[in-house]
Amino acid sequence: MTTVPTTDRVALVRAIATQHLAERGPLMPVLHEVMEELGHIAREDVEAIAHVLNLSVAEVHGVVSFYADFRADPPPAHTVALCRGEACQSVGAEALYADTHGRAADLGAPGDRVEVAEVFCLGNCALGPSGTVDGRLHGRLSRERLDALTEGWR
Amino acid sequence: MALTGLAGRVFVPGDAAAVSVGADEVAAAFEAAGAQVVRNGSRGMLWLEPLVEVETDAGRVGFANAEPDDATTIVTGSRDGTTSLLDQRGCIGVVDEHPWLTKQQRVSFARVGIVDPASVADYEAHGGWAGLRRALTMTPADVVQEVTDSGLRGRGGAGFPAGIKWKTVLGAESDLKFVACNFDEGDSGTFADRMVVEGDPFTLIEGMTIAAHAVGASEGYVYVRSEYPHAVAALRRAVDAAYTHGYLGRDILGSGLDFDLHVRVGAGAYICGEESSMLESLEGRRGEVRAKPPIPALKGLWGRPTAVNNVLTLCAVPMILADGGQAYAALGTGRSRGTQVFQLAGNVKQGGIVELPFGVSLRELVGEYGGGTLSGRPVRAAQVGGPLGAYVPATGFDVPMDYEALAESGAMLGHGGIVVFDETVDMAKMARFAMEFCSIESCGKCTPCRVGSTRGVETIDRIIAGQNVQLNLVLLDDLCETMTKGSLCAMGGLTPMPVQSAIKHFPEDFQQREAALT
Ligand SMILES: Cc1cc2nc3c(=O)[nH]c(=O)nc-3n(C[C@H](O)[C@H](O)[C@H](O)COP(=O)(O)O)c2cc1C
Ligand code: SF4
Ligand code: FES
């Protein structure tokens with residue numbers, strides 16, 4: 001994903017931005033698509049998007065930095081996102097988050113970066129603690145469930 | 001009842017909550033066992049998910065907390081006539097007769113869990129498009145009047161009358177107007193928008209199309225939070241189908257109405273649920289709150305008149321147009337008309353969707369529908385109305401759930417989420433979290449919110465550490481007042497509500513820190 005050479009990368013980003021040119025307010029859809037295709041929004045992507053959409057680099061950068069979903073650096077090998085919303089807290093989410101965050105490195109294979117992120121509500125508030133494991137939603141999470149769900153990573 | 005035999009289809013919810021506890025694996029197992037599987041929405045009895053339903057000649061029979069292993073027994077067994085379905089593991093009988101459902105009055109959720117959310121024909125067979133058909137025979141002003149007569153108020157939190165908002169947009173002169181649906185549903189403890197869209201997406205499309213006709217809009221946008229990928233997929237699929245069948249696009253149903261609907265996805269910012277921030281985000285900018293006036297109804301998306309409404313507000317519209325505003329207004333109490341979709345969440349035994357006319361008490365919702373806590377310990381508090389809503393102590397649960405009664409008791413209904421906590425909850429920590437959440441999610445535009453929330457966290461930290469508790473409580477109170485009065489929007493303006501209600505109703509959680517240390 002992150003091994004796309006810079007020139008190809010810029011060409012791809014330009015192509016994505018061009019595809020959305022006819023839409024009203026194309027920036028968010030473009031950023032989402034770059035995230036999906038390339039895993040992050042690099043400095044050169046910002047410049048290419050700004051150029052195609054006729055926006056300033058500062059403006060595009062400002063949008064990228066505002067939203068939690070857009071990342072400027074390459075993504076980790078795996079991500080666990082745990083909900084810290086009140087409903088999940090009422091069934092022990094804070095302890096689960098602290099525990100999982102503390103042992104993030106042990107969840108993956110040696111050398112693989114595992115990110116344990118916090119999110120605020122996944123709309124699964126009656127079946128908490130909730131979280132996503134590499135993007136898939138899970139309810140009624142526990143240390144044991146997370147171990148089982150991440151077993152294949154190690 | 002001796003019931004044998006599988007008469008037809010098997011329903012396995014594709015709802016995200018059901019999927020979060022294994023519904024996809026269960027669906028695959030039923031397919032492998034030869035069943036014709038429909039991925040329906042959820043009935044809203046979330047503690048029973050995955051709740052599989054088998055079509056029989058007596059109705060749809062449910063199997064709670066189904067596992068993949070159950071598929072073969074249910075399908076082959078019942079097909080051979082060798083086992084009675086009712087004796088199978090997890091059987092809860094005919095789902096439509098379940099007391100948790102029969103006691104409710106489902107209007108907005110009438111079709112959720114019942115229909116196939118991917119099928120336009122199924123939607124139509126269950127009463128879909130009747131509201132739009134009738135609306136298209138009426139003048140825009142008459143449609144607005146019907147909505148006004150229904151008493152429908154915005155379900156996104158502020159409770160503003162929908163008809164009045166629409167009238168403003170209708171009256172605004174412009175060659176281009178928009179309808180924007182707020183599907184950001186960021187409040188913890190809420191999931192009704194998600195469930196209605198995943199389970200019955202055509203209702204939202206129909207509601208928005210009626211709104212477009214009523215206000216004179218030609219384009220609509222749905223702003224969905226990125227945390228809801230299942231809903232985005234369900235909605236996009238439904239929008240495509242609606243175009244194919246002539247319910248969106250040019251000359252809808254031969255009426256001359258043109259309406260295009262776009263689905264846009266947020267990017268992980270709670271503040272983008274505030275309507276002007278949502279509009280900024282739709283336009284491709286940072287989700288910073290706009291100063292009012294001008295109101296979005298006059299200058300909204302790209303400076304044009306825009307009707308901004310919550311998902312549930314728009315989903316109530318088809319029924320109002322189909323059955324008349326009076327039928328809707330006949331439900332409810334005082335100035336809170338119609339039904340409210342309550343969402344039971346958190347430490348609750350039976351969490352899910354409870355749709356009832358306004359006025360039901362919190363006690364009935366948490367105690368009778370919720371069945372108490374999941375942990376089995378006594379209920380201590382409930383937070384009503386999301387992260388900006390008040391903490392209500394168990395002793396205050398007799399309050400009727402309507403806009404005015406709640407406001408009078410120092411709380412708010414918000415989007416109808418109810419988060420239950422048992423006696424182990426530390427209310428000082430919850431107050432701290434309210435401030436922390438505000439500091440994380442503040443758009444940063446005004447000082448009372450941006451700086452105040454950070455100061456709030458620090459002050460509560462000192463209280464939790466037992467340092468100068470009395471003095472810091474006074475400081476915290478001043479800070480809350482500054483935030484309430486000086487914030488540009490309700491993010492900073494209402495964060496004091498959970499904080500101050502926690503202090504008011506649970507002083508021991510704040511005071512005893514000092515006692516414990518000195
Ligand atoms: C911080 C904040 C967050 C909000 N989040 C939402 C939301 O997620 N969904 C929503 O419909 N309204 C939300 N609102 C309310 C909207 O600003 C607005 O009142 C609503 O979209 C209007 O639609 P309605 O009249 O149909 O309720 C929020 C308001 C604030 C201040
Ligand atoms: S109160 Fe907070 S979220 Fe609202 S405008 Fe001010 S800084 Fe932004
Ligand atoms: S609070 Fe965790 S899913 Fe809603």
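Numbers restart at 1 for each chain; the letters A, B, ... are given by sequence-line order, proteins then strands. Worth knowing before you read on, the calculation uses all heavy atoms, side chains too, and leaves out hydrogens, waters and symmetry mates.
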Interface moiety of B:Asp24 toward chain A, non-hydrogen atoms closer than 4.5 Å: side chain

Sort A:Leu127 into side chain, backbone, both or neither according to what part of it lies under 4.5 angstrom from a heavy atom of chain B. side chain

Bottom line for A:His138: the part with an atom under 4.5 Å from chain B's heavy atoms is both

Do B:Asp187 and A:Glu86 have side chains that get closer than 4.5 Å, going by heavy atoms? no

Interface moiety of B:Val265 toward chain A, non-hydrogen atoms closer than 4.5 Å: both

Rounded distance (nearest 0.5 Å) linking atom NE2 of B:His262 with atom CD of A:Glu23: 8.0 Å

Is A:Arg24 close to B:Glu219 at the side-chain level, that is, under 4.5 Å between some pair of heavy atoms? yes

Starting from the C-alpha separation in whole Å, work towards a yes-or-no answer on side-chain contact (heavy atoms from CB on, under 4.5 Å) for A:Arg140 and B:Leu374. CA-CA 12 Å; A:Arg140 295 282 188 242; B:Leu374 181 70; 3.7 Å; yes

Let me know if B:Ile440 has heavy atoms under 4.5 Å from chain A in its side chain, its backbone, both or neither. side chain

With chain A, the option among B:Gly22, B:Ala17, B:Gly346 that has the most non-hydrogen atom pairs under 4.5 Å is B:Gly346

Is there a donor-acceptor contact under 3.5 Å linking the side chains of A:Tyr67 and B:Ser226? no

Closest approach of B:Ala345 to A:Ala87 (non-hydrogen atoms, all atoms of both residues): CB-CB, 4.2 Å

Testing the basics here: between A:Gly123 and B:Tyr228, what is the closest heavy-atom pair and its distance to 0.1 Å? CA-OH, 3.5 Å

Would you say that B:Arg264 contacts A:Pro29 through its side chain, given a criterion of any heavy-atom pair below 4.5 Å between the two side chains? yes

From A:Leu27 CG over to B:Leu282 CG, what is the distance, rounded to the nearest 0.5 angstrom? 12.0 Å

Go through the atoms of B:Gln350 and report whether side chain, backbone, both or neither lie under 4.5 Å from a heavy atom of chain A. neither

Looking only at B:Pro387, B:Pro498, B:Cys443, most heavy-atom pairs under 4.5 Å shared with chain A are made by B:Pro387

Ring-ring centroid check A:Phe120 B:Phe437, cutoff 6.0 Å: yes

Heavy-atom nearest pair, A:Phe66 first then B:Ala269, reads CE2-CB, 4.0 Å

Of all heavy-atom pairs between B:Gly268 and A:Asp69, which one has the smallest distance, and what is that distance? N-OD2, 3.5 Å

At a heavy-atom separation under 4.5 Å, does B:Gln383 approach chain A through its side chain, its backbone, both, or neither? side chain

For the backbone of A:Val91 and the side chain of B:Asn347, can you confirm whether one donor and one acceptor N or O come within less than 3.5 Å of each other? no

Region of B:Ile271 that comes under 4.5 Å of a non-hydrogen atom in chain A: side chain

Minimum heavy-atom distance between A:Cys121 and B:Glu227, given as atom pair plus value: O-CG, 3.9 Å

Before giving the answer on side-chain contact (heavy atoms from CB on, under 4.5 Å), spell out for B:Glu283 and A:Met28 the whole-Å C-alpha distance, their side-chain angles and the decisive distance to 0.1 Å. CA-CA 8 Å; B:Glu283 291 184 21; A:Met28 295 286 282; over 6 Å; no

Correct closest heavy-atom pair for B:Arg286 and A:Gly62 would be NH1-O, 2.8 Å

Please check this pair: side chain of B:Ser20 against backbone of A:Leu137, looking for a donor-acceptor N/O pair closer than 3.5 Å. no

Heaviest contributor of heavy-atom pairs below 4.5 Å to chain A, chosen from B:Leu46, B:Ile418, B:Thr424, is B:Leu46

Side chain, backbone, both or neither: which part of B:Ser281 has an atom under 4.5 Å from a heavy atom of chain A? both

Bottom line for A:Arg136: the part with an atom under 4.5 Å from chain B's heavy atoms is side chain

Per-residue contact mode, B:Met195 against chain A (heavy atom under 4.5 angstrom): neither

A:Arg84 vs B:Glu436 side-chain heavy atoms within contact, under 4.5 Å: yes

